[in-house]
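Written below as structure tokens is the structure these notes are about.
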Amino acid sequence: QVQLAESGGGLVQTGETLRLSCAASDRTLRNYNMGWFRQAPGKEREFLARIGPKGISTNYAETVKGRFTISRDNASTVYLEMNGLKPEDTAVYYCAGTGSWTSRWSAYTYWGQGTQVTVSS
């Protein structure tokens with residue numbers, strides 16, 4: 001069973017930066033497309049960014065384009081650097097893996113347990 005573990009969340013002030021990490025327990029995910037999502041209380045899960053297996057192809061939601069950057073290394077770790085954080089970015093952040101090139105959360109097979117990001121004003 002492949003497992004994903006997010007880390008790097010926390011409490012920050014408006015305008016600050018956080019870098020989230022997602023480590024996979026299995027090198028198999030190096031061949032998968034990986035994505036980052038978030039879910040705020042009372043809201044639906046929201047797509048943020050995705051990256052292809054080789055780290056070349058990326059895609060972002062309009063709400064975070066220009067502020068967030070997704071990347072991955074040669075191991076099984078995916079990152080999400082978040083700049084210029086705003087209070088509306090407060091949510092639980094999840095990484096996920098899929099064999100498809102998609103932003104639909106329902107198409108992702110593997111999920112982490114999430115990491116809380118709180119941005120104070």
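These numbers come from a predicted model, not from an experiment.
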Inset, instruction - Measure centre to centre between the rings of Y94 and Y108, then say whether the value is under 6.0 Å. - result: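 Between Y94 and Y108, the centre distance exceeds or equals 6.0 Å.
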Inset, instruction - Indicate whether the side chain of D73 and that of Y79 have a donor and an acceptor atom separated by less than 3.5 Å. - result: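 Indeed, the side chains of D73 and Y79 share at least one donor-acceptor pair under 3.5 Å.
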Inset, instruction - Give me the other members of the hydrophobic cluster that Y110 sits in, counting Ile, Leu, Val, Met, Phe, Trp and Tyr linked by side-chain heavy atoms under 4.5 Å, directly or via other members. - result: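 ILVMFWY cluster around Y110 also holds V2, L4, V12, L18, L20, L29, Y32, M34, W36, L48, I51, Y60, V64, F68, I70, V78, L80, M82, L85, Y93, V117, V119.
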Which atom names give the shortest non-hydrogen contact between [X] and [Y], and what distance separates them?
X	Y	result
P87	S121	CG-CB, 3.9 Å
A91	Q39	CB-O, 3.5 Å
P53	N33	CD-OD1, 3.3 Å

Legend entry - CD/E88: more than 12 non-hydrogen atoms of other groups inside 6.0 Å: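 Yes.
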Inset, instruction - Determine whether more than 12 heavy atoms belonging to other residues, nucleotides or ligands lie under 6.0 Å from atom CH2 of W105. - result: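 Open: at most 12 neighbouring heavy atoms sit under 6.0 Å from CH2 of W105.
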Inset, instruction - Could I get the full list of side chain to side chain contact (heavy atoms under 4.5 Å, CB included) partners for Q113, not counting sequence neighbours? - result: none
Inset, instruction - Would you please name every residue forming a side chain to side chain contact (heavy atoms under 4.5 Å, CB included) with S100, sequence neighbours left out? - result: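 If we apply the side chain to side chain contact (heavy atoms under 4.5 Å, CB included) test to S100, skipping adjacent residues, the hits are T98, T102.
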Legend entry - Heavy-atom side-chain contact between Q116 and T90 under 4.5 Å: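 A side-chain contact exists here, since the closest heavy-atom pair is under 4.5 Å.
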Legend entry - Side-chain donor/acceptor of R50 to backbone N/O of W101, under 3.5 Å: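 At least one qualifying donor-acceptor pair exists.
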